[in-house]
Amino acid sequence: MSIYDTLNDMQQQAVFRTEGPLLILAGAGSGKTRVLTHRIAYLIEEKGINPWNIMAITFTNKAAGEMKERVNNIVGFGSDQIWVSTFHSTCVRILRRYIDRLGYSNNFTIYDTDDQKSVMKDVCKRLNIDTKIYKERNILSQISKAKDEFISPEQFAMINQNDFSKKRIIEAYKSYQEQLKNNNALDFDDLIVKTVELFQNNPDILESYQDRFKYIMVDEYQDTNTVQFKFISLLAKKHRNLCVVGDDDQSIYKFRGANIKNILNFEEVFSDTFVIKLEQNYRSTQNILNAANEVIKHNTERKDKKLWTDHKEGDKIFFRYLDTAQEEAAMAATEIKKYVEKEGHTYRDCACLYRTNAQSRLLEEVFMKNNIPYKIVGGINFYQRKEIKDVLAYLKTVDNGMDDLAVKRIINIPKRGIGAATIDKIQTYADYNGYSFYDSIRQEECLNAIGRSESKVRKFAGFIQMLRTKRNLISVSELIEEIIEDTGYVSELRAENTDEAEERILNIEELISKAVDYQEKAEEPTLSGFLEEVALVADIDSLDADSDYVVLMTIHSAKGLEFPNVFLCGMEDGLFPSYMTITADDPLEIEEERRLCYVAITRAMEQLHISCAKQRMIRGETQYNKMSRFLKEIPLELLDTGKQIEKMEKSKIVKPTQTSAAKPIFKSKAFETKQFKVNKEANLEYTNGDRVKHIKFGEGTVVDITEGGRDYEVTVNFDKAGVKKMFASFAKLKKV
DNA sequence: CCATCCACGTTTTTT
DNA sequence: ACGTGGATGG
């Protein structure tokens with residue numbers, strides 16, 4: 001009896017066929033992750049392949065982490081030698097080593113969407129592009145599309161030379177790339193594009209990686225775009241042991257350039273491809289699977305396959321059509337409470353899925369009122385929050401003086417009296433002399449031209465230089481401490497004395513913990529390393545399985561996950577499928593939405609709740625929507641529509657009123673489980689004289705506790721760090 | 001140089 | 001409904 005005996009025939013075939021190109025069409029819940037992990041184990045243990053020679057690409061860092069862990073559990077040793085990560089992380093790793101061959105410096109920064117927008121804004125200003133006609137977002141999305149297809153600015157210009165409407169876009173693309181290069185920065189798309197360029201221009205580097213990665217596996221293959229495909233085909237070209245796993249029915253990232261043709265045409269590119277279909281579903285009940293099959297059946301563009309299961313029929317799909325979105329949210333809360341309290345399940349068994357991030361608001365509100373622990377994934381990413389970006393901009397400035405964007409962001413934060421006029425002067429000097437922004441303010445010539453704020457700029461430059469001299473002597477977390485202390489960033493927030501400011505302080509504390517965490521985990525912690533890790537995390541990566549909360553997220557975020565009990569909310573025409581796709585000329589857009597619906601349904605293992613509302617506020621406007629056309633594709637006999645029974649139950653659930661729903665409660669924070677948020681702890685577990693432990697400062701003795709407003713202020717004399725004053729609610733002190 | 005106010009558009013999804 | 005960005009006045 002070997003570990004492979006637990007796999008079905010098809011799965012075994014997929015595991016044992018290690019040589020040559022292999023396309024695994026794996027339906028939802030057909031155990032593809034299991035196949036991949038076992039395949040890696042098989043390569044190592046049975047075929048004697050060196051773990052060093054294996055690469056696996058996943059869609060999220062979380063998936064990568066899980067795969068590593070699972071492989072680690074079946075393989076005795078060496079699993080840390082395997083490269084398991086996302087396309088983006090993989091490429092960063094390669095570029096950190098070799099990007100100097102493309103004329104960038106190896107400590108390049110990675111720009112997120114906001115950064116891209118700032119650069120584009122600047123580009124438009126320089127080129128006199130009227131952003132009323134050409135929106136930054138729009139230009140960027142055209143550029144991104146080009147990059148997804150591996151089209152350089154030059155090629156883009158050539159292709160569109162006769163298209164007058166593209167003239168400005170062509171200029172913008174060119175200038176945007178130049179700007180990024182000047183800043184020694186890459187955007188998300190560049191990470192892949194530049195790696196492919198690197199391979200194409202440097203056969204020696206390509207060959208060294210080809211020889212290293214003799215076995216390559218790609219998960220969620222249906223969501224790869226053209227450059228990504230180019231990247232893996234280059235890598236796999238020599239040894240041709242490329243295994244891709246995907247499901248055309250779950251392709252939901254076309255808007256991001258994912259090329260469904262990659263899956264439909266894989267066999268053409270790799271002519272001797274062996275195809276395996278995994279059609280047995282191990283996840284869902286018969287009813288849920290039937291519903292999913294019925295819905296997806298309506299798509300025309302798909303490879304034929306039929307998912308089946310030997311699971312029992314299971315409960316019918318719970319369906320309710322509520323009057324208002326508030327009632328819908330309350331219904332979900334009621335059902336979740338019942339499920340957990342009466343039926344003995346846990347909160348983490350439940351997930352609420354929706355089409356748009358905005359829908360999380362109502363759910364959040366009801367859950368908060370009813371003390372249901374929950375966690376919102378997505379929306380505003382932790383690393384996109386203002387205070388976090390500010391601190392990171394400091395770190396980036398210290399790390400890479402060429403990142404003009406970062407420098408400009410923080411040169412006047414907190415207020416130093418360096419305004420737009422001064423910044424313009426410096427920028428002019430920088431442009432004229434070909435210096436970076438930061439280098440300019442270190443030039444006497446430039447400083448002398450500034451005028452009134454000269455001394456302030458000098459002081460700022462001095463401050464950064466001081467941090468630079470320290471960067472190799474102290475850890476990242478200490479560096480952050482230093483920055484927020486010297487700039488007075490946190491004390492300024494504290495002085496504001498508002499809930500929001502307190503929240504921001506908490507976020508900064510959180511960032512410090514992440515830095516500490518990074519220092520402990522990384523083999524060789526560096527500032528660049530930390531910034532990189534931070535740039536590539538998705539919200540979903542922070543989900544942890546140990547805590548007990550309901551997860552709220554978009555269907556997109558839910559890809560690859562499964563839950564015993566799924567609540568699919570807002571199934572209304574105009575919302576899901578979205579208004580955009582209903583009115584689009586291209587009928588294939590509806591098909592993508594339908595695939596999304598298919599993904600949503602197939603996340604459910606045991607129970608599926610679907611709901612919609614007649615009335616809903618969208619963008620401050622009350623809308624009246626019909627029930628989703630996708631719902632009508634589910635046969636009625638699979639549904640439990642409740643009829644009148646439900647009305648008899650007097651619900652004890654507090655639901656938000658129309659007015660309270662309009663009021664924002666808290667800014668949504670992706671990283672916290674709100675139910676347990678305590679502003680002021682009734683009883684601290686320590687008192688004067690007690691020994692306590694702090695995450696960063698280590699152990700110390702409590703010297704003083706004073707009651708201050710919403711919180712206790714605790715003074716601790718730390719053995720190593722000295723005396724510190726801090727608020728009890730976020731100091732996370734533990735009595736020892 | 002900075003704070004405040006108003007107008008606008010934004011939202012479909014994200015590494 | 002919300003945040004952003006531009007204009008205005010101190």
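Proteins get letters first, then strands, A, B, ... in listed order; numbering begins at 1 in each.
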- request: Write out all pairs satisfying salt bridge (charged side-chain N to carboxylate O under 4.0 Å, His left out) with one or both partners inside residues 83-99 of chain A, taking only residues at least two apart or from two chains.
  value: A:R96-A:E532
Below 3.5 Å is the cut-off: list the nitrogen or oxygen pairs between protein and nucleotides 5-10 of chain C, distance only.
none

task: Not counting sequence neighbours, which residues clear salt bridge (charged side-chain N to carboxylate O under 4.0 Å, His left out) with A:R603? List them please.
output: none
- line: Rounded to whole Å, the CD-P distance (A:Q228 to B:dT15) equals 12 Å
- prompt: With distance as the sole test, does A:R616 use its side chain to make a donor-acceptor pair with the main-chain N or O of A:Q326 at under 3.5 Å?
  reply: no
query: Could you walk me through whether A:Y429 and A:F437 pass the ring pair (Phe, Tyr, Trp, His ring centres under 6.0 Å) check?
result: CA-CA 9 Å; A:Y429 177 88; A:F437 190 89; over 10 Å; no
query: Which part of the nucleic acid does A:Y253 contact within heavy-atom distance under 4.0 Å: base, sugar-phosphate only, or nothing?
result: sugar-phosphate
field: side-chain contact (heavy atoms from CB on, under 4.5 Å) partners of A:T622, counting only residues at least two apart
entry: A:Q615, A:M617, A:Y624
query: Residues in side chain to side chain donor-acceptor pair (under 3.5 Å) with A:S251, at least two apart?
result: none
Spacing between A:E532 atom CD and B:dT15 atom P, to the nearest angstrom: 17 Å
field: Value in whole Å for how far the C1' atom of B:dT13 lies from CD1 of A:I376
entry: 17 Å
field: salt bridge (charged side-chain N to carboxylate O under 4.0 Å, His left out) involving A:K125 - partner list, sequence neighbours excluded
entry: none
message: Checking A:S152 now: which residues fulfil side chain to side chain donor-acceptor pair (under 3.5 Å) with it, not counting sequence neighbours?
response: A:E154, A:Q155
query: Please give, in whole Å, the distance from C:dC2 P to A:Q359 CD?
result: 16 Å
task: Kindly write out the residues that satisfy side chain to side chain donor-acceptor pair (under 3.5 Å) with A:T33, not counting sequence neighbours, or none if the list is empty.
output: none
Please write out each protein N/O paired with an N/O of nucleotides 1-4 of chain B under 3.5 Å, distance rounded to 0.1 Å.
| unit_1 | atom_1 | unit_2 | atom_2 | d |
| --- | --- | --- | --- | --- |
| B:dC1 | OP1 | A:G419 | N | 3.1 |
| B:dC1 | OP1 | A:T422 | OG1 | 2.6 |
| B:dC1 | OP2 | A:A421 | N | 3.4 |
| B:dC2 | OP1 | A:G417 | N | 3.4 |
| B:dC2 | OP2 | A:N412 | ND2 | 3.4 |

message: Whether A:T554 contacts B:dT14 is assessed here as follows: a side-chain N or O lying under 4.0 Å from the phosphate OP1 or OP2. Is that the case?
response: yes
- prompt: Counting any heavy atom closer than 4.0 Å, what does A:F87 reach on the DNA or RNA strands: base, sugar-phosphate only, or nothing?
  reply: nothing
What nitrogen or oxygen pairs link the protein and nucleotides 6-12 of chain B at under 3.5 Å?
| unit_1 | atom_1 | unit_2 | atom_2 | d |
| --- | --- | --- | --- | --- |
| B:dT11 | OP2 | A:R137 | NE | 2.9 |
| B:dT11 | OP2 | A:R137 | NH1 | 2.3 |
| B:dT11 | OP2 | A:R137 | NH2 | 2.8 |
| B:dT12 | OP2 | A:R619 | NH2 | 3.4 |
| B:dT12 | O2 | A:R355 | NH1 | 2.6 |
| B:dT12 | O2 | A:R355 | NH2 | 2.7 |

- line: Contacts of A:T422 meeting side chain to side chain donor-acceptor pair (under 3.5 Å) (sequence neighbours excluded), chain-then-number -> A:S453
Atom-pair distance (CD1 on A:I555; C1' on B:dT14), nearest Å: 14 Å
- prompt: What is the distance from CG of A:L191 to C1' of B:dT15, rounded to the nearest Å?
  reply: 9 Å
message: If I take atom CG in residue A:D114 and atom C1' in nucleotide B:dT14, what distance separates them, rounded to the nearest angstrom?
response: 13 Å
- prompt: C:dT4 P sits how many Å from A:K389 NZ, rounded?
  reply: 12 Å
- prompt: Got a sec, which residues hit salt bridge (charged side-chain N to carboxylate O under 4.0 Å, His left out) with A:R629, two or more places apart in sequence or on another chain?
  reply: A:D573
